[in-house]
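Reading through the structure tokens given below for one structure.
Just so you know, ligand 1 is whichever comes first in the structure, and atom 1 is the first atom listed for that ligand.
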Amino acid sequence: MTQDTPPACDGYVARILSTIEELNRLKDVDAILDKTLAAARALADAEAGSIFLVEDGRLAFRYVHNDVLFGGDGVSPAVYKSFTLPIDETSIVGYAAQTGKPLVIDDAYALPDSLPYRFNKSFDESTGFRTRSILTLPLKTFDARLVGVMQIINARGPDGASGPFDQEHRTYIPLFAQNAAVAIERGRMTRELILRMMRMAELRDPTETGAHVQRVGAFAAEIYHRWAMDRGLPPEEIRRFKDLLRIAAMLHDVGKVGVSDTIIKKPSRLSDDEFMLMKRHTVYGARLFADCHSDLDELCRDIALRHHEQWAGGGYPGRLDVLSDEHGPGLPMKGHEIPLAARITSLADVYDALASPRSYKEPWPEERVLEFIREKSGVQFDPEVVEAFFKVHDVLLAIRERFAETG
Ligand code: C2E
Ligand code: SIN
Ligand code: SIN
Ligand code: FE
Ligand code: FE
């Protein structure tokens with residue numbers, strides 16, 4: 001069999017096509033936003049960028065990259081910052097959303113006073129970053145629905161100095177943006193679907209709120225990111241696993257739908273018999289994914305079944321046949337026998353449970369929670385996962401603010 005060499009086609013088009021393919025493989029909306037920004041920035045070698053999504057008729061800040069302020073490896077707490085802007089002419093992103101047209105600015109500090117919008121200097125002033133050129137693109141699907149707005153900031157020329165966006169950037173980045181809009185919309189629908197599924201569990205257990213599951217998903221994703229970077233895993237592998245992990249970790253307790261109300265809502269300690277029935281939530285969760293075979297299904301099953309195992313052994317359910325009705329405990333499971341995704345989600349879940357109110361306990365102060373986690377490193381938790389946890393603790397606090405219980 002012979003393989004034709006593709007014609008040496010325009011570098012931009014080839015890159016855009018392969019990026020669209022990668023985007024279409026991602027499931028989680030945050031992974032899609034991250035990839036979208038990375039790809040759009042790469043087309044112009046731009047220093048920074050951000051994405052706002054339309055939510056309740058406003059533009060909600062949802063993702064940011066900035067090589068100058070927080071480049072290098074890892075994720076900045078700024079990614080989880082939370083604020084919204086109106087869709088109107090007063091801001092640059094609002095203007096692009098309202099008109100539905102791309103906006104090209106060569107120098108943000110030299111805008112004529114006659115324009116309806118103003119450049120908001122507060123970000124530059126508070127960070128020391130210097131915005132120059134801005135390419136602002138409405139993210140619209142093929143049937144012209146506005147999903148959000150992307151800003152790409154400071155195109156770098158061949159000499160590495162930032163300058164205006166050139167004709168090629170202005171042609172190709174919008175082309176890519178339209179495909180990105182479709183992927184983002186799909187990612188948001190996936191997220192909605194999961195939150196709806198969790199609302200069924202929430203009817204049972206009022207602590208399993210959308211905010212709690214989004215926190216646990218985000219904690220797990222960021223702890224994994226640090227763990228994987230520290231081991232030099234390839235960026236594309238990290239992106240893919242992180243994508244699936246965030247979704248699967250959100251579903252860790254979906255099996256609570258199978259446990260009775262009287263147990264879950266009990267406002268005091270559980271008896272041994274009650275706790276034994278509560279432990280079945282791991283098996284019920286795993287059964288939901290029992291005969292599905294995608295990578296995501298397998299990860300969901302691993303996490304649902306194993307998120308209460310303990311590093312040194314002694315967790316539950318242990319080794320047992322998920323489809324049988326034996327109530328365990330199964331033979332103990334420990335260390336690396338527990339899937340990595342479950343070791344990470346276990347810490348993410350307990351961190352959130354300890355720091356939050358429960359029907360049976362008050363929230364613990366942060367210092368006490370951290371002390372507990374340190375103490376249980378190597379006992380309840382994988383020490384390497386604990387290490388990654390402490391390295392991203394500032395990001396985890398930003399996640400707590402972003403997905404606060406009332407927000
Ligand atoms: P959850 O409330 O989401 O807690 C998840 C995990 O966080 C717990 O798993 C445990 O490992 C940790 N955790 C939560 N609160 C505390 C605490 O005060 N001290 C310590 N050391 N760890 C804590 P676990 O124990 O396997 O419990 C699983 C689920 O069972 C809990 O999920 C909760 O829904 C229920 N549950 C556990 N104990 C009680 C209880 O005494 N009363 C009631 N009503 N429910 C309980
Ligand atoms: C912002 O980051 O505050 C939005 C910048 C703008 O479009 O004015
Ligand atoms: C590990 O167990 O530490 C890595 C292997 C894995 O579970 O992916
Ligand atoms: Fe659980
Ligand atoms: Fe939980």
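In terms of polar-atom proximity, Lys361 is not counted as a contact of ligand 1, lacking any N or O under 3.5 Å from an N or O of the ligand. Checked against a 3.5 angstrom limit, the closest N/O atoms of Arg269 and ligand 1 fall inside it. Between Leu270 and ligand 1, an N or O atom pair is found at a separation short of 3.5 Å. Considering backbone and side-chain atoms alike, Ser268 places an N or O below 3.5 Å from some N or O of ligand 1.
Taking the six-membered ring for Trp and thresholds of 30 and 60 degrees, Phe390 and His393 have ring planes inclined between 30 and 60 degrees apart. Relative ring orientation between His308 and His281 is described as perpendicular, the plane-to-plane angle rising above 60° on a 0-90° scale split at 30° and 60°.
Among the atoms of His308, an N, O or S atom is found under 2.8 Å from the Fe ion (ligand 4).
Only the side chain of Leu354 comes within 4.0 Å of ligand 1, judged by heavy-atom distances.
His281 contributes atom NE2 as its closest N/O/S atom to the Fe ion (ligand 4). Within Asp253, the N, O or S atom at minimum distance from the Fe ion (ligand 5) carries the name OD2.
The contact set between ligand 1 and Phe372, taken as ligand atoms under 4.0 Å from a residue heavy atom, comprises 21 (N). Heavy-atom proximity to Asp349, at under 4.0 Å, picks out these atoms of ligand 1: 5 (C). In summary, the atoms of ligand 1 found under 4.0 Å from a heavy atom of Ala353, numbered by their order in the structure, are 4 (O), 5 (C), 7 (O), 14 (C).
Residues Val283 and Leu320 meet the side-chain proximity criterion, which asks for heavy atoms closer than 4.5 Å. Using a 4.5 Å heavy-atom cutoff, the side chains of Met250 and Arg191 are in contact.
When Leu135, Leu111, Leu115 are each tested for a side-chain contact (heavy atoms from CB on, under 4.5 Å) with Ile105, only one passes: Leu111. Applying ring pair (Phe, Tyr, Trp, His ring centres under 6.0 Å) to Phe219 and the options Phe389, Tyr351, Tyr224, Tyr80 leaves one that passes, Tyr351.
Summarising the contacts of atom 43 (C) of ligand 1 with Tyr360, Tyr351, Tyr316, the nearest heavy atom is found in Tyr360. Of the options Lys256, Gln380, Lys266, the smallest heavy-atom separation from atom 34 (O) of ligand 1 is shown by Lys256.
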For Lys35 and Glu236: C-alpha separation, side-chain torsions, deciding distance, then whether salt bridge (Lys or Arg N to Asp or Glu O under 4.0 Å) applies.
CA-CA 10 Å; Lys35 180 77 199 178; Glu236 216 36 53; 3.8 Å; yes

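Between Arg41 and Asp67, at least one side-chain nitrogen of the basic residue sits less than 4.0 Å from a carboxylate oxygen of the acidic one, meeting the salt-bridge criterion.
The NE2 atom of His252 and the NE2 atom of His212 meet at the Fe ion (ligand 5) at an angle of about 100°, given to 10°.
Figure legend: cation-pi geometry between Arg15 and Phe176 absent, as NZ or CZ is not positioned both under 6.0 Å from the six-membered ring centre and within 45° of its axis.
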